[in-house]
S.K.: 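My structure is below; once you've seen it, I'll send some questions.
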Amino acid sequence: MAIKGKVVVITGASSGIGAATTRRLAQAGAKLVIGARRKDRLEDLVTALAPAEVIYQVTDVTDKKQVQSLVNLAVEKFGRVDVLFNNAGLMPLSELNELKVNEWEQMIDVNIKGVLYGIAAVLPIMEKQGSGHVITTDSVAGHVIHPGTAVYSGTKWAIQAIMDGLRQEQAGKIRTTMISPGAVNTELYRTITNEKKRQQIKNDEQTSGLAAEDVANAVAYAIDQPNNVGINEILLRPITQQR
Ligand code: NJP
């Protein structure tokens with residue numbers, strides 16, 4: 001039931017929700033294998049959490065070999081994988097007629113294909129173990145669409161289908177959880193290339209967003225349940241957010 005001793009792999013752990021979840025689970029005694037592209041951030045996090053059992057590997061989730069290698073590292077060092085937290089994501093919001101096709105492709109590559117690569121890497125391991133837990137960061141934008149979120153919402157909607165398919169196919173063996181936050185004060189606004197939109201989202205996140213730690217608590221809650229309890233989704237918004 002407890003988090004203590006569980007082997008947890010986290011993608012997108014260099015900042016925001018992934019970094020906060022790494023800290024939260026390390027404090028609770030989990031063994032962590034964390035990945036992202038920014039090596040310096042991962043290194044600083046591991047150093048700050050010492051002597052907790054946290055190791056990192058630079059990982060770009062758009063490369064399936066790198067995702068597999070991150071998961072393999074968990075098995076090599078800790079012998080198993082209890083939880084995969086598929087958290088890496090980006091949100092370059094824009095309206096469709098801005099035709100930012102490269103950004104649409106990036107979102108599909110990271111937010112959908114990156115999650116699928118994570119599932120592909122852990123599924124044989126968890127099937128063999130007869131247990132496991134896959135958690136993916138979805139979004140309120142996987143439930144609600146606004147002008148400018150069409151493609152981002154599309155990627156998060158896709159996660160709903162993939163994760164519920166996984167839940168049904170692996171009933172009795174693998175637990176699944178979607179974490180769907182509203183605005184959270186992180187660095188997610190960075191990838192928005194429309195200047196006006198970037199400032200607006202940055203301002204919304206910084207003035208009224210949840211703290212990344214609030215979302216980390218939701219992840220910890222989902223993990224810290226008896227084996228027969230699946231927390232399939234947690235949707236959490238700042239109380240000021242209407243949609
Ligand atoms: O944002 P941020 P969040 N390969 O920018 C990583 C969802 N969400 O914590 O590679 C590997 O601080 C990036 O690492 P790096 C959102 O959709 C958020 O808010 O070093 N990693 C960093 O660690 C996303 O799924 C809000 O640049 C890659 C992390 O992803 C999740 O929360 C609301 C990567 C992003 O951290 C975490 O985002 C919501 C790649 N190719 C859903 N590309 C919100 N903040 O308001 C990026 O509903 N990363």
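Counting starts at 1 for both ligands and their atoms, in listed order.
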S.K.: Look only at interatomic distance and state if Ser15 has a nitrogen or oxygen under 3.5 Å from any nitrogen or oxygen of ligand 1.
M.R.: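 The answer is yes, given that Ser15 and ligand 1 share an N or O pair closer than 3.5 Å.
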S.K.: Name the closest protein heavy atom to atom 14 (O) of ligand 1, giving the residue it belongs to and the distance to 0.1 Å.
M.R.: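 Its nearest protein heavy-atom neighbour is Ser14 OG, 2.9 Å.
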S.K.: Heavy-atom contact under 4.0 Å between Thr59 and ligand 1?
M.R.: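 Judged by the 4.0 Å heavy-atom criterion, Thr59 does count as contacting ligand 1.
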S.K.: Name the closest protein heavy atom to atom 4 (N) of ligand 1, giving the residue it belongs to and the distance to 0.1 Å.
M.R.: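 The closest heavy atom on the protein side is Val61 N, 2.9 Å.
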S.K.: Distance alone, cut at 3.5 Å: any donor-acceptor contact between the side chains of His143 and Glu233?
M.R.: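 Per modelled atom types, His143 and Glu233 side chains form a pair under 3.5 Å.
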S.K.: Nearest protein heavy atom to atom 37 (C) of ligand 1, by residue and atom, and its distance?
M.R.: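 Ranking protein heavy atoms by distance from atom 37 (C) of ligand 1, first comes Asn87 OD1, 3.4 Å.
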S.K.: Could you say whether the N/O atoms of Ile17 and ligand 1 ever approach to under 3.5 Å?
M.R.: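 Yes, at least one N or O pair falls under 3.5 Å.
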S.K.: Looking only at protein heavy atoms, which one is nearest to atom 19 (O) of ligand 1, and how far off is it?
M.R.: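 Atom 19 (O) of ligand 1 sits closest to the protein heavy atom Thr186 OG1, 2.7 Å.
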S.K.: If you have a sec, work out which protein heavy atom is nearest atom 6 (C) of ligand 1 and how many Å separate them, to one decimal?
M.R.: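 Result: Gly12 CA, 3.6 Å.
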S.K.: Look at atom 26 (C) of ligand 1 and say which protein heavy atom is nearest, naming residue and atom and giving the distance to 0.1 Å.
M.R.: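 Answer for atom 26 (C) of ligand 1: Leu188 CD2, 3.6 Å.
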S.K.: For atom 40 (C) of ligand 1, find the nearest protein heavy atom and state the residue, atom name and distance (0.1 Å precision).
M.R.: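 Its nearest protein heavy-atom neighbour is Arg37 NE, 3.6 Å.
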S.K.: Would you say Ala141 touches ligand 1, if touching means a heavy atom closer than 4.0 Å?
M.R.: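 No, that is not the case, since the closest heavy atom of the residue is not under 4.0 Å from the ligand.
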S.K.: Which residue and atom name correspond to the protein heavy atom nearest atom 16 (C) of ligand 1, and how close is it?
M.R.: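 So the nearest neighbour among protein heavy atoms is Tyr152 OH, 3.6 Å.
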S.K.: For ligand 1, is there an atom lying under 4.0 Å from some heavy atom of Gly209?
M.R.: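 Per 4.0 Å heavy-atom rule, Gly209 does not contact ligand 1.
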S.K.: When you look for heavy atoms under 4.0 Å from ligand 1, do you find them on the side chain of Arg190, its backbone, both, or neither?
M.R.: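 For Arg190, only side-chain atoms sit under 4.0 Å from ligand 1.
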